[in-house]
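See below for the structure under consideration.
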2 protein chains.
Amino acid sequence: MATIDDVAKAAGVSTSTVSYVLSGKRPISAPTRSRVEKAIKDLGYRPHAGARALASNRTNVLALVAPLRAAVNVNVIMLFVSGIAQAAQHHNYDVLLVTQDDATGLDRVLNGSMVDAVITMDVEEHDPRIPVLRNAKQPAVLIGLPRDTAGLSCVDLDFASVGSSAVRHLAELGHTKIGLLGSGSAAWERRTSFLERLLQGARTEANYQSVELAAIPCEASEVGAAEAVDSILAQQPGLTALIVHNESALPHAIARLRELGKSIPGDISVLAVCPPDVAANQPLPLTSIDIPGEAIGRAAVDMAMNRLDNDLPAETRLLAPVLTQRESTGPVR
Amino acid sequence: MATIDDVAKAAGVSTSTVSYVLSGKRPISAPTRSRVEKAIKDLGYRPHAGARALASNRTNVLALVAPLRAAVNVNVIMLFVSGIAQAAQHHNYDVLLVTQDDATGLDRVLNGSMVDAVITMDVEEHDPRIPVLRNAKQPAVLIGLPRDTAGLSCVDLDFASVGSSAVRHLAELGHTKIGLLGSGSAAWERRTSFLERLLQGARTEANYQSVELAAIPCEASEVGAAEAVDSILAQQPGLTALIVHNESALPHAIARLRELGKSIPGDISVLAVCPPDVAANQPLPLTSIDIPGEAIGRAAVDMAMNRLDNDLPAETRLLAPVLTQRESTGPVR
DNA sequence: CTGAAAGCGCTAACAC
DNA sequence: GTGTTAGCGCTTTCAG
């Protein structure tokens, strides 16, 4: 492997000149620059990442802490990851995947100076990783909202606003008995913050609009979805609208409604909270509030990068939801 | 951040002693070792990854080249990733995610000495990354089989064997007209190697067993699955068994069969090729041949690690398929 | 606009 | 069983 000294020699300049050509941190005359660039190309030179990190305290690597096991939803995870990967690439950053549940992986990566910043997904309420993140010299961005955000930057969809928009949309169509199918009971028991925010937003708006709202969990399986549909229909007789925040259960819930002879949106309006492509690609395109996975991923990277260059205080960014009307919601009969 | 010299000073030993305590590359007396370990703990010392990489030519990082966009199936991808992440952890390795389609990312990561080895998923036939992998000083392991495997280690499920086992299982149950629903047409057009191998294995066995076999692609959507079912039924009248190698279409294909009044396995036996949990968690547990995503991921890491320590020649490993009989296949009536 | 040279923190000979 | 020290390849003052 060619080193920077080889390049300098080949170009007839000093190593520092080569370094500055590469970094652009000081002006270089056109002829010098092109000689250096030619030498770089000729030798197929690539800077050694470790040496660079040692000398500059910058790795150009971003840690991504991702839950590979108890993922809320693989699809959504992939959207986040994809948004993060793209944005990182755009900033000339690589992504180091950290999947260990405990903090040891994070600790090594952070304190071993392997990365310049961290993005953490699916943080739990009393996550052992939070203190490690807080003490790190690198900026950290969480996707989601932990209980105590002090000193940590967070980005997430504004789920309270998701809840209220959903209820408002249906109330404006004249619906007065609305059901909500949420994520699996595991998420309810963990008291996941997005769920609480969604419910709070929906309930507040339901009160304001004077409509009835019933919310229950819903497992991701075919059977679970059918049970949830049956159960909410029993619990809320005369229900005419359903909000479903559960991508995996969505098709099964709809199938169950059909089985029960309910037409959509004739008998029951359905509003999905899910990634836009999922809603649009159902047999009946669904009115939906997007879960903008890629956008959140991008925002997380941008926040991290910002904090690297400047050093801003921590900030929480909640993305406003977007409701797209398609064919599954309509006026109550 | 404490350095190795700080630790040495605190423990009253030389830096090399600290280094050797850490690496275990030479014997250290018990008392010295414990003094060093105490100093490490007291100072919260973590070795600087860049410095270590520079001095030792080892990063303890593994590149994982993953397709985030045109993924065959997000679920299967996640299984691979999860197997790889676990195995890497086990070998004290971290994972660097490379998602760029072209070779620039790979090139930087490999020639910039950011990683000790690469694992590449979803390689295409004339992939621009293949030459980069072949020229790299680091060992490379591909998941899947490219056209020309010279100099590259590969690991994959033995799809030919999957095809023949599936047909044999059904033939032994007395079925003589068998259909096969494969992946979406995109994969057929790319002439993906796993598909060709699956078909070749299935056809050879069908010949041998003197049974009829018809194979068609199947899109992942609900509509696509229904069309594929209708089409294969039309194409192969009297068909009594169906092999489905398409996780996303699976539930929809089954639903369509039901709609058509076909009972499973009474009228039609269904054999799925998919991850074990998917098969087991359907409403009717499906007889299936596993796609052992995690095992393949682990095998890939093991092969890479082996090639780091020793330097073995390239090797292709095809994992034998496992057929698990559940409730969706039975004797022909 | 360009060069010289002092480290960055660690590993691995080479000494003893 | 332990210490000394020369690099690893790069960035960045400090000089000119």
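In what follows, chains are A, B, ... by sequence order, proteins preceding strands, each numbered from 1. Values in this document were obtained by computation on a predicted structure and should not be read as measured data.
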Do A/S19 and A/S16 have side-chain N/O donor and acceptor atoms under 3.5 Å apart?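 A/S16 and A/S19 do not have a side-chain donor-acceptor pair below 3.5 Å.
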
Between B/D127 and B/R134, is the closest basic N to carboxylate O distance under 4.0 Å?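 Looking at B/R134 and B/D127, the cut-off is not met.
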
Side-chain ion pair, B/R298 and B/D302, N-O less than 4.0 Å: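 Salt bridge flag = no for B/D302 with B/R298.
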
Report the distance from atom [atom1] of [X] to atom [atom2] of [N], rounded to the nearest whole Å.
X     : N      : atom1 : atom2 : value
B/L43 : C/dG9  : CG    : P     : 14 Å
B/M1  : C/dC10 : CE    : P     : 10 Å
B/R33 : D/dG1  : CZ    : C1'   : 12 Å
A/Y20 : D/dT13 : OH    : C1'   : 7 Å
A/D6  : D/dG9  : CG    : P     : 9 Å
B/R46 : C/dG9  : CZ    : P     : 17 Å
B/R26 : D/dT2  : CZ    : P     : 8 Å
A/I28 : D/dT11 : CD1   : P     : 13 Å

Base, sugar-phosphate, or nothing: which does [X] touch, judged by heavy atoms less than 4.0 Å apart?
X     : result
A/T32 : sugar-phosphate
A/G12 : sugar-phosphate
A/S16 : base

Among [options], which nucleotide sits nearest the side chain of [X]?
X     : options               : result
A/S14 : C/dA4, D/dT5, D/dC8   : C/dA4
A/I4  : C/dA12, D/dG3, D/dT11 : D/dT11
B/A55 : D/dC8, D/dG1, D/dG9   : D/dC8
B/L54 : C/dC1, C/dG3, D/dC8   : D/dC8

Nearest atoms (heavy-atom pairs only) where B/I28 meets B/Y20: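 Closest approach of B/I28 to B/Y20, heavy atoms only: CD1-CB, 4.0 Å.
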
Residue pair B/A103 / B/P128: nearest heavy atoms and the distance that separates them: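 Scanning both residues completely, I find the closest heavy atoms to be CB-O, 4.0 Å.
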
Does a side-chain N or O of [X] approach OP1 or OP2 of [N] to a distance below 4.0 Å, or not?
X     : N      : result
B/S19 : C/dT11 : yes
A/T15 : D/dG9  : no
B/R52 : C/dT11 : yes
B/T17 : D/dT2  : no
B/K25 : C/dT11 : no

